[in-house]
**Q** 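Before anything else, here's the structure in question.
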Amino acid sequence: TSVLSQQVSSRVPCAREQTAWSYDAKAAKLVMFGGWAHEWLDDVHTLDVSAIVGPPYSVQSLHPAQGPITGGAKVVVSGVDFAVPEGGEPIIVKFVSESTEQTVEGTFVS
């Protein structure tokens with residue numbers, strides 16, 4: 001009979017070889033399974049890499065590419081894997097420059 005238990009730890013895993021790795025794209029986590037460190041290990045470790053790999057979507061273009069300095073221009077943001085919020089939540093779009101940022105509400109068009 002197999003038993004699955006979960007132990008949460010903030011310890012760094014020991015150095016090892018012959019380990020198996022997987023990437024969970026939905027959670028943006030690397031998962032490391034077991035390996036060899038003077039004995040076969042049967043542990044599992046995860047590492048949150050969301051700050052490194054970025055968001056699960058991709059902006060491919062903005063049209064128009066430039067607008068008036070005073071703002072207010074409508075912009076079409078085209079890309080891949082944009083998600084529609086559940087429950088009627090608004091779509092939030094953030095525009096960032098070196099000196100400022102502006103958050104506006106957007107409309108999803110498939």
Side-chain angles (χ1 to χ4, degrees):
T1 303
S2 297
V3 176
L4 179 63
S5 65
Q6 181 179 11
Q7 180 180 9
V8 177
S9 171
S10 61
R11 289 184 301 127
V12 175
C14 66
R16 62 189 69 205
E17 56 187 46
Q18 301 294 321
T19 188
W21 289 89
S22 181
Y23 177 66
D24 180 348
K26 189 167 183 98
K29 292 184 186 279
L30 281 174
V31 183
M32 180 178 69
F33 303 92
W36 175 261
H38 307 292
E39 66 178 339
W40 287 109
L41 303 170
D42 62 354
D43 54 353
V44 177
H45 296 272
T46 61
L47 176 64
D48 183 347
V49 293
S50 60
I52 300 169
V53 298
Y57 58 85
S58 171
V59 173
Q60 295 182 324
S61 67
L62 297 174
H63 183 76
Q66 297 180 4
I69 190 90
T70 56
K74 289 191 175 193
V75 178
V76 176
V77 180
S78 299
V80 177
D81 289 339
F82 293 146
V84 179
E86 296 178 14
E89 294 179 36
I91 295 172
I92 303 300
V93 181
K94 185 185 287 188
F95 295 92
V96 180
S97 72
E98 290 180 17
S99 60
T100 189
E101 66 180 52
Q102 181 68 43
T103 303
V104 296
E105 200 167 303
T107 303
F108 182 82
V109 179
S110 64

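All values below come from the heavy atoms of this structure, side chains included, with hydrogens, waters and symmetry mates left out.
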**Q** Taking all heavy atoms of V77 and all of F82, pick out the closest pair and write down the distance.
**A**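 Smallest heavy-atom distance, with atoms named: O-CE1, 3.7 Å.
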**Q** Taking salt bridge (Lys or Arg N to Asp or Glu O under 4.0 Å) as the test, write out the residues that go with K74, two or more places apart.
**A**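 None.
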**Q** So, taking the atom named CG in D48 and the one named CG in D24, what distance separates them when rounded to the nearest 0.5 Å?
**A**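 Answer rounded to 0.5 Å: 10.0 Å.
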**Q** For Q60, is the CD atom crowded, meaning more than 12 foreign heavy atoms sit under 6.0 Å from it?
**A**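 Yes.
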**Q** Using a 4.5 Å cut-off on heavy atoms from C-beta on, say whether the side chain of C14 contacts that of L41.
**A**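 Yes; the side chains approach each other to less than 4.5 Å.
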**Q** For P85 versus P90, what's the shortest heavy-atom pair and its separation?
**A**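 In this case the closest contact between P85 and P90 is CG-O, 3.7 Å.
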**Q** Kindly write out the residues that satisfy side-chain hydrogen bond (donor to acceptor under 3.5 Å, both in side chains) with D43, not counting sequence neighbours, or none if the list is empty.
**A**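 Only R16, H45 meet the side-chain hydrogen bond (donor to acceptor under 3.5 Å, both in side chains) criterion with D43.
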**Q** Answer yes or no: does atom OH of Y57 have more than 12 heavy-atom neighbours from other residues, nucleotides or ligands under 6.0 Å?
**A**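 No, not enclosed.
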**Q** Mind checking whether V93 and V75 sit in one hydrophobic cluster, side chains of I, L, V, M, F, W, Y counted as touching below 4.5 Å?
**A**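 V93 clusters together with V75.
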**Q** Same hydrophobic cluster for V12 and V31, using side-chain heavy-atom links shorter than 4.5 Å among ILVMFWY?
**A**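 Different clusters: V12 never reaches V31 through Ile, Leu, Val, Met, Phe, Trp or Tyr contacts under 4.5 Å.
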**Q** What pair of heavy atoms forms the shortest contact from K29 to Y23, and how long is it?
**A**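 Shortest heavy-atom contact: O-CD1, 3.4 Å.
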**Q** Counting N and O atoms only, with roles assigned by atom type, does the side chain of T19 sit under 3.5 Å from a partner on the main chain of F33, one being a donor and the other an acceptor?
**A**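 A pair under 3.5 Å: yes.
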**Q** Calculate, to the nearest 0.5 Å, the distance between atoms CD1 and CG belonging to I52 and L30 respectively.
**A**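 These two atoms lie 8.0 Å from each other.
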**Q** What distance separates E105 CD from I91 CD1, expressed to the nearest 0.5 Å?
**A**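 Taking CD in E105 and CD1 in I91, the distance rounds to 8.5 Å.
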